[in-house]
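We count ligands from 1, going down the list as the structure has it; atoms in each ligand are counted the same way. Values in this document were obtained by computation on a predicted structure and should not be read as measured data.
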Amino acid sequence: MNDFLPTETVGSQAASATDHLFYALLGISVAVVLLVSGLILVFSIRYRRGSKADRSELPPILQREVEIGWTLATLFLFLSIFGWAVSENFSFGTVPTNGLEIHVVAKQWMWKLQHPGGQREINALHVPVNKPVRLIMNSEDVIHSFYVPSFRLKQDVVPGLTTQLVFTPIKVGTFRLLCAEYCGTDHSAMTGKIVVMTPEDYSRWLDTSPASEDLVAQGRDIFTRLGCAGCHDARAAVRAPDLKGVFGQPVPLADGTVVQADETYLRDSILQPRKQIVAGFDPVMPSFAGRLSDAELETVIAYLKSLADTDGDTR
Ligand code: HEC
Ligand SMILES: [Cu+2]
């Protein structure tokens, strides 16, 4: 039945949920079309010119009841569809705790992906089946959109913003990946594939893929090379916040507000430190915009996140 939709197969959990919604909407629309066209047909025969049908009006009170009745019925119907769609949408965004985190950098005109162990891929993503995957996505230039029709999932990838996409592949196979946002001359060639493998094949694939250093180690190198440690080290002369455990914690800012230290916050702190100043500190941190590529920035963020992981206590 799913061949009806313009894609190969249902490849993720989100896909079947989306399809149920789609078929329910289709069913309701077909029912309404049949009802309305059936009534038109019946009435045009019954009340054709010259027929002896009863043409007197309903009493006003009954007219009103009919009107209120169909208004409430359709209102209820549409609100329930809305509620259903919203709840599906929220459940797609739920971040799994045991998920596989993949960093995605989009640029004109390719997808660059990196696994937690440092394996890099271009225009292809290998993942194990039945394990939640979380894509952490950034763009190096313009807006792109990560689109996997078989998963019924699409998410814009925006320069200067970290977006994410969560999915659980449920079927072994190869699925098309497309860019769904017009991004320049070779936009149509910005395609790739998602290869969903059995867990055994996936670990074999990981072993045979040339792994550079893992993300965290690369990030630590860059952190040292760019002199971040010179301020952020506990022994440094400059007073700067200790970055241990910062990820995922609420950070009080100088303007009195409190933000959650997520990936976007860390990214902004490095590229635009003046935007959000941590309460109690001087705004002396220089901007690193243009001094590290998006891929390098991702590794630094992975490093900062690992500091939160290893040492669970708050600051
Ligand atoms: C000149 C000293 C200095 C250098 C170099 C420096 N920082 Fe900072 N950094 C600060 C200060 C001071 C703050 C707090 C004030 C603010 O928010 O701008 C800060 C804040 C931050 C925050 C927000 C911390 C929090 O607790 O919310 C992050 C993340 C951060 N820096 C990362 C980095 C990284 C990564 C580098 C290297 C690429 C770096 N910093 C280089 C001084 C520095
Ligand atoms: Cu694109």
Non-hydrogen atom of Pro273 closer than 4.0 Å to ligand 1: yes
task: Verify the distance test for Met285 against atom 8 (Fe) of ligand 1: any N/O/S atom under 2.8 Å, yes or no.
output: yes
message: For atom 4 (C) of ligand 1, which of the options Cys231, Ala254, Pro283 provides the nearest non-hydrogen atom?
response: Cys231
field: Test item, Arg291 contacting ligand 1 (heavy atom, 4.0 angstrom)
entry: no
- prompt: Considering only heavy atoms of Val284, which atoms of ligand 1 have at least one such atom less than 4.0 Å away?
  reply: 1 (C), 12 (C)
field: Close approach, Gly230 and ligand 1, non-hydrogen under 4.0 angstrom
entry: no
statement: Per-atom filter on ligand 1: closer than 4.0 angstrom to a heavy atom of Arg239 are 12 (C)
query: Are any of the side-chain nitrogens in Glu121 or Lys112 under 4.0 Å away from the carboxylate oxygens of its partner?
result: no
statement: Ranking Gly245, Ala240, Pro241 by closest non-hydrogen atom to atom 13 (C) of ligand 1, top hit is Pro241
Numbered atoms and elements of ligand 1 in range of Ile270, under 4.0 angstrom, heavy atoms: 35 (C)
query: Are any side-chain N or O atoms of Arg239 and backbone N or O atoms of Gly280, one a donor and one an acceptor, separated by less than 3.5 Å?
result: yes
message: Tell me whether Arg274 reaches ligand 1 (any heavy atom closer than 4.0 angstrom to a ligand atom).
response: no
message: So, of the N/O/S atoms that His144 has, which is the nearest one to the Cu ion (ligand 2)?
response: ND1
